[in-house]
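This one's a predicted model, so the numbers in the text were calculated from it and none came from an experiment.
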Amino acid sequence: MFVSPFSMNLWAALMGVRILMYLIIVWVICIRITDAQLSENFYSKTCPYVEALVLGVAKQKLAEAPKSAPGTIRLLFHDCFVDGCDASVLISSTPKHQAERDAYDNKNLATDAFDAINQAKAAVEAKCPGVVSCADILAIAARDFVALTGGPNYPVKKGRRDGRVSNASRVKGNLPEAYFNVDLLLNNFASKGLNRSDMVALSGAHTIGFSHCDGFLDRLYNYHRTNMADPAMDPRLLKALKMSCPKTGGNADIITPFDVNTPFAFDNVYYTNLELKMGLLGTDQTLFSDPRTKYLVQYFANYKTQFFQAFAAAMDKMSSIGVKTGNQGEIRKICTQFNV
């Protein structure tokens, strides 16, 4: 069969184009993979003292307002679970737009936590203007508060960009609800790339911190619409909570510690409390009630070092959820507002 030189040249040209396109695609993919990689040394040349600057603010804030520690850890959790770790939870609402922080599920986020991040950002900007993202500062500060209260001092990867979107409407459905059982919790965490061990370990952050009464009121008076208390709650704890949190007309500002024994110490007593039916939230106590997670609660209750290791690993995974890098985001000048 005769093949004309024209056909051969055309075929060669097409193959050349295909090879070129393939190389371009591979190059783009490689660039995206490289951009998506966070690094512990991301600011080693551009802002080498960023961790020391954030730690200094965290120490001062912890001394002034101890609630800053659990509040900042929770702030990171709420940020990462809604469209990734991009500091979108820090954005302030405007008269025309409601941001994440003002969604109903975020109504009790601690003001001291927001203040801690804003102060850390100001300290970093004074030394390294326009270099370090608010998302990275939040991740570093959360780690610092864990360590300062007795928990693991794990390394934090950096390189996140700040998001350009913050919508209150995105919060509902992304964060776990107070009524969630283990099935719903596992599904929620799995949707973020976190497994069972991650979920139980991250729940251990409740070894410090507090909850308002509305977070557990149903457990006291109308558990699963039975008009009765949750039978999985220790009667002594139930009595004490009812004194602080009446069925109606209570003080909305009342707060109760998750861990009644060591509320300001990051330890593994949280898990021991679950074994004793002393969990505050339903999402806490269900971890011991369900056999799929009970063994992990018992393991972490008995082995503090292993809990710390699992918590550090889970925080690393959680703080990498949906991160934005390169031109996907920005480096905000002020954490509460997008760059103009």
Side-chain angles (χ1 to χ4, degrees), residues 29-59 61-62 68-69 72-81 84-90 113 116-117 119-163 192-195 197-198 201-202 204-205 266 305-332 335:
I29 290 173
C30 289
I31 291 295
R32 287 179 177 176
I33 291 174
T34 302
D35 284 348
Q37 289 177 343
L38 304 181
S39 167
E40 294 174 24
N41 301 315
F42 189 83
Y43 299 113
S44 60
K45 294 182 179 180
T46 54
C47 192
Y49 306 114
V50 57
E51 297 216 11
L53 292 167
V54 176
L55 178 59
V57 172
K59 286 180 177 178
K61 194 64 182 176
L62 183 63
S68 301
T72 303
I73 299 167
R74 186 183 182 208
L75 199 58
L76 178 64
F77 179 88
H78 280 234
D79 183 47
C80 292
F81 265 53
C85 308
D86 62 355
S88 53
V89 74
L90 303 178
I117 302 306
Q119 290 175 24
K121 174 65 171 177
V124 173
E125 282 293 302
K127 297 290 184 180
C128 315
V131 173
V132 182
S133 68
C134 298
D136 277 343
I137 289 173
L138 177 55
I140 296 167
R143 184 276 315 277
D144 288 344
F145 280 120
V146 168
L148 289 171
T149 51
N153 190 4
Y154 54 90
V156 174
K157 297 186 181 75
K158 295 166 283 289
R160 301 165 190 79
R161 291 273 176 156
D162 298 321
K192 312 301 176 185
L194 301 169
N195 60 34
S197 178
D198 298 327
L202 289 171
F266 198 101
T305 299
Q306 283 73 13
F307 161 53
F308 279 9
Q309 291 172 347
F311 182 82
M315 285 291 279
D316 179 63
K317 288 177 67 175
M318 186 190 77
S319 60
S320 299
I321 296 173
V323 296
K324 296 168 179 62
T325 57
N327 60 7
Q328 296 172 332
E330 63 184 12
I331 305 295
R332 283 184 217 143
C335 289

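- Of the possible polar contacts, none joining the K324 side chain to the G163 backbone as a donor-acceptor pair under 3.5 Å is found.
- The minimum heavy-atom distance between G326 and R161, with the atom names listed, is O-NE, 3.4 Å.
- At a threshold of 4.5 Å between non-hydrogen side-chain atoms, the residues I321 and L194 count as touching.
- Aromatic ring orientation, F307 versus F266: parallel (interplanar angle below 30°, classes split at 30° and 60°).
- Between L55 and L148 there is a side-chain heavy-atom pair separated by less than 4.5 Å.
- A side-chain donor-acceptor contact under 3.5 Å links S88 and D86.
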**OP:** Kindly indicate, with the supporting measurements, whether the criterion side chain to side chain contact (heavy atoms under 4.5 Å, CB included) is fulfilled by V156 and L38.
**Re:** CA-CA 9 Å; V156 174; L38 304 181; over 6 Å; no
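- M318 places none of its side-chain heavy atoms less than 4.5 Å from the side chain of D198.
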**OP:** Go through the steps to decide whether D136 and V54 satisfy the test side chain to side chain contact (heavy atoms under 4.5 Å, CB included), and finish with yes or no.
**Re:** CA-CA 10 Å; D136 277 343; V54 176; over 6 Å; no
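- Residues T72 and I117 form a side-chain contact, since some pair of their non-hydrogen atoms from C-beta on lies under 4.5 Å apart.
- Counting only distance, with no hydrogens or angles, the side chain of R160 and the backbone of S319 share a donor-acceptor pair below 3.5 Å.
- With values rounded to the nearest 0.5 angstrom, L62 atom CG is found 10.5 Å from D144 atom CG.
- Side-chain contact check for C47 versus V124: some heavy-atom pair is nearer than 4.5 Å.
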Subject >> side chain to side chain contact (heavy atoms under 4.5 Å, CB included) between Y154 and D316, intermediate numbers included >> reply: CA-CA 9 Å; Y154 54 90; D316 179 63; 5.8 Å; no
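- With values rounded to the nearest 0.5 angstrom, S197 atom OG is found 8.0 Å from K317 atom NZ.
- For the atom pair I140 CD1 and S133 OG, the distance stands at 8.0 Å (nearest 0.5 Å).
- Considering only heavy atoms from C-beta on, E51 comes within 4.5 Å of R143 through its side chain.
- For the residue pair S44 and P48, the shortest heavy atom distance occurs at O-CB, 3.4 Å.
- The backbone N or O of P155 lies less than 3.5 Å from no partner atom in the side chain of K157, so there is not a single donor-acceptor pair.
- Here L202 contributes atom CG and F81 contributes atom CZ; the two are 7.0 Å apart, rounded to the nearest 0.5 Å.
- With a 4.5 Å cut-off on side-chain heavy atoms, V50 and C128 do not count as touching.
- Without hydrogens or angle criteria, K61 side chain to Q119 main chain gives no donor-acceptor distance under 3.5 Å.
- Summarising the geometry, atom CG belonging to L138 is positioned 7.0 Å from atom SG belonging to C80; distances are rounded to the nearest 0.5 Å.
- Formation of a donor-acceptor pair under 3.5 Å by the K121 side chain with backbone atoms of V132 is found in this model.
- Within the 3.5 Å criterion, the main-chain N or O of G130 finds a donor-acceptor partner in the side chain of E125.
- For D162 (side chain) and G329 (main-chain N/O), no donor-acceptor pair under 3.5 Å exists by modelled atom type.
- Scanning both residues, L53 and A123, for their nearest heavy atoms gives CD1-O, 4.1 Å.
- Pairing each heavy atom of A135 with each of C85, the nearest pair is CB-O, 3.8 Å.
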Subject >> Audit row: D79, L90, side chain to side chain contact (heavy atoms under 4.5 Å, CB included) steps and yes/no >> reply: CA-CA 8 Å; D79 183 47; L90 303 178; over 6 Å; no
